[in-house]
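What you are looking at is a predicted structure, and each value in this text was computed from that prediction instead of being measured.
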Number of protein chains: 4
Amino acid sequence: MPKVSSDYREARRRQIVDAAVACFARQGFHRTSMQDIFAASGLSAGAVYGYFASKDDIVAAVADERHALEAALFADALAASDLRQGLHDLVHAYFDWLRDPAEQERRRLAVQFWAEALSDAHLAQRVSRGEPFRAELATAIAGAQRSGSFAADLDPDAVARVALAVLQGFVLQQAWEPGVDIDRYVAVVDSLIDAGFGP
Amino acid sequence: MPKVSSDYREARRRQIVDAAVACFARQGFHRTSMQDIFAASGLSAGAVYGYFASKDDIVAAVADERHALEAALFADALAASDLRQGLHDLVHAYFDWLRDPAEQERRRLAVQFWAEALSDAHLAQRVSRGEPFRAELATAIAGAQRSGSFAADLDPDAVARVALAVLQGFVLQQAWEPGVDIDRYVAVVDSLIDAGFGP
Amino acid sequence: MPKVSSDYREARRRQIVDAAVACFARQGFHRTSMQDIFAASGLSAGAVYGYFASKDDIVAAVADERHALEAALFADALAASDLRQGLHDLVHAYFDWLRDPAEQERRRLAVQFWAEALSDAHLAQRVSRGEPFRAELATAIAGAQRSGSFAADLDPDAVARVALAVLQGFVLQQAWEPGVDIDRYVAVVDSLIDAGFGP
Amino acid sequence: MPKVSSDYREARRRQIVDAAVACFARQGFHRTSMQDIFAASGLSAGAVYGYFASKDDIVAAVADERHALEAALFADALAASDLRQGLHDLVHAYFDWLRDPAEQERRRLAVQFWAEALSDAHLAQRVSRGEPFRAELATAIAGAQRSGSFAADLDPDAVARVALAVLQGFVLQQAWEPGVDIDRYVAVVDSLIDAGFGP
DNA sequence: GATGAATGAGACTTCATTCAT
DNA sequence: AATGAATGAAGTCTCATTCAT
């Protein structure tokens, strides 16, 4: 019978994860020492290790959280009956999300995870690289092609990849230049979607 | 008058940079120790430090090399009189380049530099983030809009950003999945260019 | 007047000491953490520290218990009027004790205490190293020599040391090889005793 | 091509092993920190780790050295044609060895290894527990029994175990009491050997 | 009395860099 | 110029012990 509630433990985990996210976003996780996390979280070494087994475990927790968030966003994005409208909606939801400064900070982390996933197989599995979205989108595109509403000569998976690239590339550019204009970018993306569906 | 020829020194630098690139691509540069580079290059610690002042200095040299290569590719890509054709040519040149396994290895590095540039201001200046290309392309697009050959309602800089994103996103996806089909992706990109220029 | 009965406290101490003995026997006491003892005893950190002031205090309690047990065995072993018979009886009692698996486990601990006593002066005083037995035996041997029943040319203390060594060496060997044959060893020891007393 | 000779490296290893032996003998190896070894050896952390991969590796090297020394002593001890004389010679050689204060210090270590071998399977294989000696002695005893020169009713292996115990027990007692009289102990052991072989 | 989360000193180890040879 | 042994600061993690609840 624990002395503290499950809520209490959860709050402490949050405290640690949030501290880690802040440190990682600022300095990158390789440059972030456990001492940095202790200081940022206001907890002692022992306390932090009571919640996470290792630094890698914290990184994994942060990655899992991101993964879950992205998965949630994409989850029913394509459930819309009308693909064209669904895509427009998804794009707007996605880029609206990117207006939040807190989310921008977390995106800096996402970029680091992308890189880290290249040399850490264990992390690679926990990093959101858009696969589910790409797969769903490709299926939806293929459907649209069969129904004649989408250009038939393009490979659905390749189209999905380009769509994903448009999102990923923007995340990257925004991470480098936080002030980049979102609206104008979205306008181009919208016109791209329409171009695919024809007049 | 140097004791050893400049060629000799240059060959040694190459040896070190190549070894570093191989290590970085495989393990990421934070996980790559100087010992790893000594072993991979076949040189001693003292020898390596005779050519580079620090690990950061090697990283900078690697980044500079990449930067120069990319700059060269984009340099006259847009010098073509016909923008539409110039873009198609650039895209084909760019993606052909990505068929080379050696280049793919170097691209894994590029992705790491993207991430690193977020927390290392010094490195940020040496990492190719496509700015010159974007600027030139935006200018060219604006010109095309004035001459009526490109959709007038889109922001030229945003269009350039999307174009860049399409390249960056693919580099990312290829780094994760080396087997991704290039031809199908290029076909979509080609059709995108044509969509921008209208029928 | 204590709040809880003395019996209750005693039962808790047992619980802790038993848990510690089990852990120490398995992993050695340096490799046994207090956490291990908490887990093995089923008590909380605070509870254990309510009974023992420190880890060393637990170790001391375990050592004291062993010391008391061995002292009890040897106590009246040599009170017998006939030394030869007394020795045979002692040996049989001692080795019968070593047939008990629980005692064998405790003996693994004894071996650790032997080693630890070399570098921990505080513990050295609480570890049974056979001195009282040796002293008594030497006195008894000297008596037997005066009465002509034991070989006169041997130093009584040295004889006692050899006798002790025969017990200690076996404890060591049994700790390493729990399956070692006790009966055959005892037979040799018996014949050794008889050899000392002559035909 | 190493810059320093193999002798140089060997000397450094010695320096480290000797420092470790001194520390271990004094404080036990669990209480000996790597810092202690750095200080005792006069080398830096990095230097020590250039020769040994870990603390355990140093412990293993120390254990191996002991093992080799003991093996060498016992190696041809029993090669003598006359077992009785061979045993007397071995005993005298063994106990003479124990007169050396440096050897006494190393023996304190041996006792610690005995204990450690109980909970560290990896170390157990590197610790001399007298098996080869015991096996050879048992074989020799069996031979002597067949030729009628040794008491036929005793189990050869048990006799060998008792003989080993007499050595082990003394090592233990001497570790506790460095001043213990060797000559008197040897005299008893000699008479024990003779008792086994009869008049 | 009991709980167990928290503390923080200190353990082991790595690694960028230097410098005598 | 080259070598590679040496340096030592700094990193991650453990664990005996305390104390608010």
**OP:** Could you please name the option among dT13(E), dA1(F), dA16(F) that lies closest to any side-chain atom of K55(D)?
**Re:** dT13(E)
**OP:** Using atom CZ of R31(C) as one end and atom C1' of dT14(F) as the other, report the distance to the nearest whole Å.
**Re:** 14 Å
Original post:
Can a side chain N or O of R9(B) be found less than 4.0 Å away from OP1 or OP2 on dA1(F)?
Top reply: yes
Original post:
In whole angstroms, how far is the P atom of dA5(E) from the CZ atom of F52(A)?
Top reply: 14 Å
Original post:
At their closest point, which heavy atom of F113(B) faces which heavy atom of V127(B), and how far apart are they?
Top reply: CB-CG2, 3.7 Å
**OP:** Could you say whether Q35(C) or R12(B) is positioned toward the 5' end of DNA chain F, judged by the nucleotide with the nearest heavy atom to each?
**Re:** R12(B)
Subject >> Under-4.0 Å side-chain N/O to phosphate OP1/OP2 contact, Y51(C) with dA2(E) >> reply: yes
Subject >> Residues that H30(A) engages under ring-ring contact (aromatic ring centres under 6.0 Å, His included), provided they are two or more places apart >> reply: H30(B)
Original post:
Is the closest basic N to carboxylate O distance between R31(A) and D36(A) below 4.0 Å?
Top reply: no
**OP:** Measure the distance from CD on E10(D) to C1' on dA5(F) and round it to the nearest whole Å.
**Re:** 16 Å
Original post:
Which value, rounded to the nearest 0.5 Å, describes the distance between E116(D) atom CD and H122(D) atom NE2?
Top reply: 13.0 Å
Subject >> Closest approach of R108(C) to A25(C) (non-hydrogen atoms, all atoms of both residues) >> reply: NE-O, 3.1 Å
Original post:
How about L109(D) and F29(D): do any of their side-chain heavy atoms sit closer than 4.5 Å?
Top reply: yes
Original post:
Atom CG of D7(B) and atom P of dA1(F): how far apart are they, to the nearest Å?
Top reply: 14 Å
Original post:
Which of these nucleotides, dT12(F), dA5(E), dA2(E), is closest to any side-chain atom of M34(A)?
Top reply: dT12(F)
Original post:
Quick one: is Y8(B) getting a side-chain N or O under 4.0 Å of the dA2(F) phosphate, OP1 or OP2?
Top reply: yes
Original post:
Does any non-hydrogen side-chain atom of E70(B) lie less than 4.5 Å from one of E65(B)?
Top reply: no
Original post:
Quick one: do E103(C) and R107(C) make a salt bridge, cutoff under 4.0 Å?
Top reply: yes
Original post:
Is any side-chain heavy atom of I58(C) less than 4.5 Å from a side-chain heavy atom of K55(C)?
Top reply: no
**OP:** Note every stem involving DNA chain F: at least three consecutive Watson-Crick or G-U wobble pairs, i with j then i+1 with j-1, with both distances under 3.5 Å.
**Re:** E:2-21 with F:2-21
Original post:
Where the side chain of S33(A) is defined as all heavy atoms beyond and including C-beta, which of dA16(E), dT17(E), dT12(F) is the nearest nucleotide?
Top reply: dT12(F)
Original post:
Which residues within residues 36-47 of chain D lie with some heavy atom under 4.0 Å of an atom in DNA chain E?
Top reply: F38(D), A45(D), G46(D)
Original post:
Closest nucleotide of DNA chain E for D56(B) versus for H30(D): which of these residues is on the 5' side?
Top reply: H30(D)
**OP:** Among the candidates dT18(F), dA11(E), dT17(E), find the nucleotide nearest to the side-chain atoms of Y49(C).
**Re:** dT18(F)
Original post:
CD of Q15(A) versus C1' of dA5(E): gap in Å, rounded?
Top reply: 13 Å
